Amino acid sequence: MTRLARDRRGNVLALSAAALVPMMAMIGGAIDLSRLYMAKTRLQQACDAGALAGRRAMNDVNVLAESEQKTAKKFFAFNFPDGTYSATAINAVFTRGDVGVVNGRASLSMPMTIMHMFGMGNKTLSVTCQSTLLIPNTDVMFVLDVTGSMAQTTGSDAVSKIDGLKQAVKDFFSALGAGAASGPGRIRYGFMPYSSNVNVGKIVQGISPSYIAGGAGSEKPSYRSRRAVTTPENYIESYGPETTPTNGTATNATTGSWSNQNQAVGSAQPSYTNITQDACNQKTVPTTNPTSSNPASAPALSGRDAVSYPTTTQTSSYTTTQNKTGTIYRYKWTKTGNGSNPTGTCQLQYTTGPYTTTTASTTTRAVNWAVRDRFVRWEYVLRNDIDVSPVVQNGTMTNPAYWSGYYTGTNPNADGAPTTVGWGGCIEEARTNSGITATSSLSIPSDAYDLQIDLKPNSADTRWKPFLRDIQYDAGGNWLGRSSGWLSSNYAACPRQASPLTQYTSDYVSSTKSSAAFTSYVDALAPGGFTTHDIGLIWGARFLSPDGIFSATNADSTGPGGYQISRHIVFMTDGTLEIRTNNNDAWGINNLEGRVAASGTDQNGLTDIHRRRVSMICNAMKGKGFTVWVVGFGITTMP
């Protein structure tokens, strides 16, 4: 027995037999756990697939319809067919969770294999899943170069650059589409045509009249214009009433022949001899006794005394005539003697027949003097006394550069200046910082209001003012409205009115992928003016920004479905800045006003400063999360 107890032969067999049961449990557990893991992984995948399919099928983010639930279950069943891993009681339920969210829950019963021998029954597995389809809302702002150079045709191109731009914009719309008419997936398009100015004023005024100078009351921003130089002059403003005429002595005039009177008539003698002419003229003429007479005429004005300041009374002369018939008399003197006072014969004469009696009379009236300004000349200056509220609020105003008063000599308005001026919608920018240089930091200075994307004006410095080229003159007297080729040479350009972000779904035609309203706007673009990128880009950014003057319609909270808005600037240009120191742009005339840079800055220096301002604006746009796309026309490299 002792020897048997010490004998180790056959121990392995016994130990192996004893270890077989726990080893089977260990192996079986591993196998069944692997089956459970694979089944749950597959179940999760199937649940996810169903949830994705259900969300994709949703027509209304607020409802998961029965048909959409069936679609979700169909995709679940495809990914977890009956009998997979011998599972039973397979079940999947899909419901709507939050807005636009599909929730899923799936379960099954998994039979054990080897572990079944150890008393383990079926295991229940369950998973949850969720699918959220984020459909971004998209805003696209086209910043379009419509300057004069865009009218050119480059190289072997068949069309001009502006026509190429128009086609590219329409092709862009065809590719991206009109977006959803309602709900998530909204796409809006806006347009910002620019040259050296932008036409945005009336749109901004519609948002808030206080954003435009003169929109909410009287305001007098400065303009390069002209002012009349006058001198005071006294003039007769009116006359007082005339006095009653004072009659003089009547005189007779006849056309008949005279005969000598040979007999005395009353106290008058037929003749006197050796009498002077003066003595003859003093002889009493017999009284005229007409045999008939016609009514006297109305007194006729025969003349007024000339008056000059400060004379306060004017005398007027009148004559009254009457036609009569009868005998009238006169003394006719005939010279007979010589010497310094000769004598002669004084003969009484008569004539019988028609004659005219003329009576002279006079009146007086008061002269009332006033003072008026007489035009002398124009002076060409920077004016800050022009109230622009009438033209902003009513569309027109009296031209302050038109002289409507008194003048002598050449007409002060001979250059064709209109009596009234209107406003087409282009603007002059808010105050800027003239210290920005070609190497300034990309950070926009706090007092460069013209470069601030989210500017909301609240003062004279921050408000935009109407661009009124009809009232503007340079220091040399050149009229920026029409004369001297300013318009024909692109020195006072105002492009087509911009368009805020708008949906183009109402007239969208899916077969042609076009919108008549979209196409009509693009086709109406016309080139003209110099190239000033910064004015186009800053206003494109303002029309796109969720935080500036369009916050009420552009904020993320306005996005359908509560989804984020993806914002894009599509900047289309032929590249090169074209700056002129004497161009009348959105900052006035730099060589006269020096708003962007010192007035003595030359063209190259001013161009470099504008280029830096473009970079500052682009940097600010990227900082707001905008994507800026630049499309070049007729250029080989993109600066």
Side-chain angles (χ1 to χ4, degrees), residues 233-370 372 408:
E233 183 176 272
N234 295 292
Y235 74 102
I236 298 174
E237 183 180 45
S238 63
Y239 295 94
E242 290 189 66
T243 60
T244 302
T246 300
N247 292 329
T249 303
T251 59
N252 299 323
T254 68
T255 57
S257 59
W258 290 88
S259 301
N260 289 335
Q261 177 71 39
N262 296 320
Q263 298 181 17
V265 180
S267 61
Q269 299 301 315
S271 63
Y272 297 91
T273 59
N274 299 322
I275 190 170
T276 63
Q277 185 175 12
D278 289 340
C280 182
N281 290 340
Q282 294 175 12
K283 293 299 181 180
T284 301
V285 178
T287 302
T288 300
N289 294 310
T291 57
S292 64
S293 62
N294 295 324
S297 66
L301 180 65
S302 57
R304 298 189 189 277
D305 290 351
V307 292
S308 58
Y309 186 79
T311 302
T312 58
T313 303
Q314 183 185 50
T315 300
S316 301
S317 299
Y318 292 86
T319 57
T320 304
T321 59
Q322 188 174 17
N323 296 322
K324 300 178 180 180
T325 301
T327 300
I328 61 175
Y329 299 88
R330 72 176 183 181
Y331 273 103
K332 173 69 175 178
W333 183 77
T334 303
K335 177 183 175 182
T336 58
N338 296 314
S340 60
N341 190 19
T343 59
T345 301
C346 184
Q347 176 67 50
L348 180 66
Q349 295 182 330
Y350 72 94
T351 184
T352 300
Y355 64 95
T356 301
T357 299
T358 302
T359 304
S361 60
T362 59
T363 64
T364 60
R365 60 180 179 176
V367 179
N368 301 314
W369 293 92
R372 63 185 171 192
T408 58

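Quick caveat, the model's predicted, so the values are computed rather than measured.
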Open item on the list: Main chain of Ser302, side chain of Ser317: is a donor-acceptor contact present, judged purely on distance under 3.5 Å?
Closed with: no
Open item on the list: Please check: side-chain N/O of Thr251 versus main-chain N/O of Thr358, any donor-acceptor pairing under 3.5 Å?
Closed with: yes
Open item on the list: Measuring from atom OH of Tyr329 to atom CG of Asn252, what distance do you get when rounded to the nearest 0.5 angstrom?
Closed with: 12.5 Å
Open item on the list: A side-chain contact here means heavy atoms from C-beta on lying under 4.5 Å apart; do Lys324 and Thr288 qualify?
Closed with: no
Task: Residue pair Ile275, Lys283: steps toward the side chain to side chain contact (heavy atoms under 4.5 Å, CB included) verdict - done: CA-CA 11 Å; Ile275 190 170; Lys283 293 299 181 180; 3.6 Å; yes
TODO: Working to the nearest 0.5 Å, report the span between NZ of Lys335 and SG of Cys280.
DONE: 15.0 Å
Task: Separation between OG of Ser271 and CG of Asn262, rounded to the nearest 0.5 Å - done: 8.5 Å
Open item on the list: Under a 3.5 Å threshold, yes or no: a donor from one side chain and an acceptor from the other, between Ser297 and Thr321?
Closed with: yes
Task: Heavy-atom closest pair, residues Gly326 and Tyr355 - done: N-CE2, 3.7 Å
TODO: Name all residues meeting the salt bridge (Lys or Arg N to Asp or Glu O under 4.0 Å) criterion together with Arg365; count only those two or more places apart in sequence or in a different chain, and write none if there are none.
DONE: none
Open item on the list: Does any part of the side chain of Ile328, heavy atoms only, come nearer than 4.5 Å to the side chain of Trp258, both counted from C-beta?
Closed with: yes
- [ ] Search all heavy atoms of Pro286 against all heavy atoms of Val265 and return the closest pair with its distance.
- [x] CB-CG1, 3.8 Å
- [ ] With sequence neighbours excluded, give me every disulfide (SG to SG under 2.5 Å) pair touching residues 298-331.
- [x] none
TODO: Scan side-chain atoms only and decide if Thr352 and Thr327 contain a donor-acceptor pair under the 3.5 Å cut-off.
DONE: yes
Task: Distance, nearest 0.5 Å, that separates OG1 of Thr363 from CD of Gln314 - done: 8.5 Å
Ignoring hydrogens and angles, write down the donor-acceptor pairs under 3.5 Å from the side chains of residues 342-350, residues two or more places apart or on other chains.
from: Gln347; atom 1: NE2; to: Gln261; atom 2: O; distance (Å): 3.3
from: Gln347; atom 1: NE2; to: Pro270; atom 2: O; distance (Å): 2.9
from: Gln349; atom 1: OE1; to: Arg330; atom 2: NE; distance (Å): 2.8
from: Gln349; atom 1: OE1; to: Arg330; atom 2: NH2; distance (Å): 2.9
from: Gln349; atom 1: NE2; to: Asn260; atom 2: OD1; distance (Å): 3.0

Task: Trp369 side-chain N/O to Thr311 backbone N/O, donor-acceptor pair under 3.5 Å - done: yes
Task: Heavy-atom check, side chain of Tyr318 versus side chain of Thr362, under 4.5 Å - done: no
Open item on the list: Nearest 0.5 Å, please: how far is CG in Asp305 from OG1 in Thr313?
Closed with: 10.5 Å
Task: Gap separating the CD atom of Glu242 from the OG1 atom of Thr315, nearest 0.5 angstrom - done: 10.0 Å
Open item on the list: Counting only heavy atoms from other residues, nucleotides and ligands, does the tally under 6.0 Å from OH of Tyr309 exceed 12?
Closed with: no
